[in-house]
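Indexing begins at 1, ligand by ligand and atom by atom, following the structure's order. Side-chain atoms are counted along with the backbone in the values below, which use heavy atoms only and exclude waters and symmetry mates. On a predicted model such as this, the values are computed, not experimentally measured, just so you know.
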Amino acid sequence: MERQELFDTLLERIKAITAIASNKEFKLEVVCNLLSKNIAGYDWVGFYRVDKSRKRELVLGPFVGEPTEHVRIPFGKGICGRAADSEETFLVQDVTKEDNYLACSPKVRSEIVVPIFRNGELVGELDIDSHTPSAFSKKDSEFLSKVGELVSHLI
Ligand code: SME
């Protein structure tokens, strides 16, 4: 299946997942699994939420992939923290060239972080790590933004 066709199919499946009667954490975990199992290069897939009590700090939500020590990330730190600060998608083709980077695993080569908004307010992020260099394109960024919109009520 061509990548764009795969993205369109997965968006339909994610819409269906968000409609099932289950708890938010489970649904987000299913979405992580769906993305990581079906898309080549999506080796770590997870959600971070903006911590409501401490604001300017992200807290790890459902994810699939290797466990990470980066359970809490202050705004401005690493790729996730900078994406939270700027409220813009952050695409890094080669993580070894980043100074302000929080390594989750030495295997990771590229990363994309997409902010998620609810009613115009930043509520979280979708973070994908890849063991392949330059694994993500603008098409991935557009696709993941749509995923973020579909799941924003679960964040
Ligand atoms: N690499 C991220 C940290 C999160 S882990 O990849 C899961 C960063 O630099 O913010």
Look at atom 5 (S) of ligand 1 and say which protein heavy atom is nearest, naming residue and atom and giving the distance to 0.1 Å.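 Nearest neighbour among protein heavy atoms for atom 5 (S) of ligand 1, to 0.1 Å: Cys104 CB, 3.2 Å.
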Looking at atom 8 (C) of ligand 1, what's its closest protein heavy atom, distance included?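 Result: Ile79 N, 3.3 Å.
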With sequence neighbours left out, what residues match Arg109 under side chain to side chain donor-acceptor pair (under 3.5 Å)?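 Scan of Arg109 (side chain to side chain donor-acceptor pair (under 3.5 Å), adjacent residues dropped) gives none.
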Which option wins on minimum heavy-atom distance to atom 1 (N) of ligand 1: Leu102, Leu60, Asn100?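 Answer by nearest heavy atom: Leu102.
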Any nitrogen or oxygen of [X], side chain or backbone, less than 3.5 Å from one on ligand 1?
X	result
Cys80	yes
Glu111	yes
Asp129	yes

Which atom pair, heavy atoms only, marks the closest approach of Ala84 to Leu122?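 In this case the closest contact between Ala84 and Leu122 is O-CD2, 3.6 Å.
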side-chain contact (heavy atoms from CB on, under 4.5 Å) with Phe136: which of Val114, Val92, Ile112?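 Exactly one pass, corresponding to Ile112.
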So that I can tick it off, tell me whether [Y] and [X] are bridged by a salt bridge, with the cut-off set at under 4.0 angstrom between side-chain N and carboxylate O.
X	Y	answer
Glu12	Lys15	yes
Lys107	Asp129	no
Asp85	Arg82	no

Can you list the ligand 1 atoms lying under 4.0 Å from a non-hydrogen atom of Tyr101?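 Every atom of ligand 1 under 4.0 Å from some heavy atom of Tyr101: 1 (N), 9 (O).
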Looking at Tyr48, which atoms of ligand 1 are within less than 4.0 Å of one of its heavy atoms?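 Numbered from 1, ligand 1 contributes 4 (C), 7 (C).
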Pairs meeting criterion side chain to side chain donor-acceptor pair (under 3.5 Å) with involvement of residues 24-44, two or more places apart: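 Pairs touching residues 24-44 that pass the test: Glu25-Arg49, Asn33-Lys37, Tyr42-Asp140.
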Test item, Phe63 contacting ligand 1 (heavy atom, 4.0 angstrom):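 So Phe63 does not count as touching ligand 1.
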Between Asp127 and ligand 1, which part of the residue brings a heavy atom under 4.0 Å of the ligand: side chain, backbone, both or neither?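 Under 4.0 Å from ligand 1, Asp127 contributes side-chain atoms alone.
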